[in-house]
Amino acid sequence: MHYRALGRTGWKVSEISFGAWAIGGSWGKVSDEDSMAALHKAIDCGVNFIDTADVYGNGRSERLIAQLKKDRKEEIIAATKAGRRLPRQTVEGYSRQNLTAWIEDSLRNLSTDALDLVQLHGPPTELYHRPEAFAVLDDLVKAGKVRYYGVSVEKVEEALRAIEWPNVQTVQIIFNCFRQRPAELFFAQARQKQIGILARVPLASGLLTGKLRRDSVFAPDDHRNFNRHGEAFDVGETFAGVDYDVGLASVEEIRQLLPAGFSMSQFALRWILMFDAVSCAIPGGKRPEQVADNCRASDLPSLTPDAMAAVKSIYDEKIRPLVQARW
Ligand SMILES: NC(=O)c1ccc[n+]([C@@H]2O[C@H](COP(=O)([O-])OP(=O)(O)OC[C@H]3O[C@@H](n4cnc5c(N)ncnc54)[C@H](OP(=O)(O)O)[C@@H]3O)[C@@H](O)[C@H]2O)c1
C-alpha cells in the first residue's frame, strides 16, 4: 500500500481507502460479521482511512468503525458526514443547532472526543454561497469537537465553489472511468489550494468490477434496485448516473484493455490513482475478498498512455453525452 498527503491536514492516507456505506445499509443484506471481517482485512492491507456517514444504517456504519478502532492498535482515520438526517435538503437545515446535534451523535457512535474529518453531505448548491454553515464548522473545530472539515459534493461547480472557503480541507467527489470531468478544471485548482480529494463511487457501484450482467438482480433494499432512476437520492450515486446498458457495453470495451495480472476492479482503481491530485479512492467493500482485491491496485504498475487514451475515448464516445453536462 502506498500513501498520499490528504491536503493540508498533515495526514498521509492509504491511496486505496475504505468506503463504509454498504456496511451500514442501502446495499441489500450485509451481516455485521462480514462487515467487521472486511474492515479488519482493510487494516491488514494497510488501509488507514475510512469514509462513513451518520446516516449509513442510522449510525450502524459508524459504530462498526468504533468497534474496529477498539480492536486494532493501528492509527485509523475516520471521516464521517453530516446533513442527510434532514427530511428535505435546505440551506436553513444546516443550522448551528442541527449541525451541533449531528456532530454529538457521530461523536457518540464513533466513541471519540473529536471527529477526524466531518464532510457536509451533499448540501444544496446555495449553501456553498453562504457563510453560515462554514462559520459553525469553524466553531466546532475551535471547540475541539472536529479536527478538520470538508465537503462531499455532487457537481464540479459545487467543488469549485467549496474550495473558496479557506478552511475546507477536503472534497469528496464521484471520479472514475465513467465520471472524468473532475480531472479537467477542478483538480488543477484543488492542487493549487492543497485540497485533499476523495474519489468516491470508484467502481460505479460495482459496474466497473465487470461482474454485473443485464439480468443481475438486486435486493429491494439495494439502491441499485430502488434508486436506479434517482427515486430516493441523486441518480449519480447509483452506477455513477450512467444508463445501465450503456455502462455494461462500455465495461466490455474496458475489459479488452486489461493488462496481465489485473482484475477489472484493480484496473478501474489504478486508473483513478493515475491522477496525482487524488488523495485516495474509497471503494466500498462488503467482504474481505473484495477489500483485498481492491487494495492490491495500489501495488500494481501504472497504466500505459495507450490504455489511458483508450479509456478517455470510450468515455468521450459513450459516456460523456450522459454525464458531462449534468455533474
Ligand atoms: N454522497 C456521498 O457522500 C456518497 C455517496 C456515495 C458513496 N459515498 C462513499 O463512497 C464509497 C464508495 O462508493 P460506493 O460504495 O457507493 O460504490 P463503489 O465503491 O463504486 O462500489 C462498491 C460496491 O462494489 C462491489 N465491489 C467492491 N469491490 C469489489 C470487488 N473487488 N469485486 C467485486 N465487487 C466489488 C460491492 O458491492 P456488491 O458486492 O453488492 O456488488 C461494493 O459494495 C461509499 O462506501 C461511501 O463511503 C459517498
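In each ligand, atom 1 is the first atom listed, and ligand 1 is the first ligand listed.
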Student: Would you call K145-E104 a salt bridge at under 4.0 Å N-O?
Tutor: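 Yes, charged N to carboxylate O under 4.0 Å.
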
Student: Side-chain donor-acceptor pair under 3.5 Å between Y128 and E164, yes or no?
Tutor: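 Not at all, the side chains of Y128 and E164 share no donor-acceptor pair under 3.5 Å.
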
Student: Between E158 and R161, is there a side-chain N and carboxylate O pair less than 4.0 Å apart?
Tutor: no

Student: Scan for side-chain hydrogen bond (donor to acceptor under 3.5 Å, both in side chains) pairs involving residues 204-221, sequence neighbours excluded, and state none if there are none.
Tutor: R214-D245

Student: Do any pairs count as a salt bridge (Lys or Arg N to Asp or Glu O under 4.0 Å) and have a residue in residues 33-47, sequence neighbours left out, and if so which ones?
Tutor: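 Of all non-adjacent pairs touching residues 33-47, those that pass salt bridge (Lys or Arg N to Asp or Glu O under 4.0 Å) are D44-R72.
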
Student: List by chain and number: which residues place a heavy atom under 4.0 Å from ligand 1?
Tutor: G19, A20, W21, A22, W27, D51, Y56, K81, H121, S152, Q172, R200, V201, P202, L203, A204, S205, G206, T209, K211, R224, E237, S265, I282, P283, G284, K286, R287, Q290, D293, N294

Student: Quick one: list whatever passes salt bridge (Lys or Arg N to Asp or Glu O under 4.0 Å) with R130, sequence neighbours left out.
Tutor: E92, E126, E132

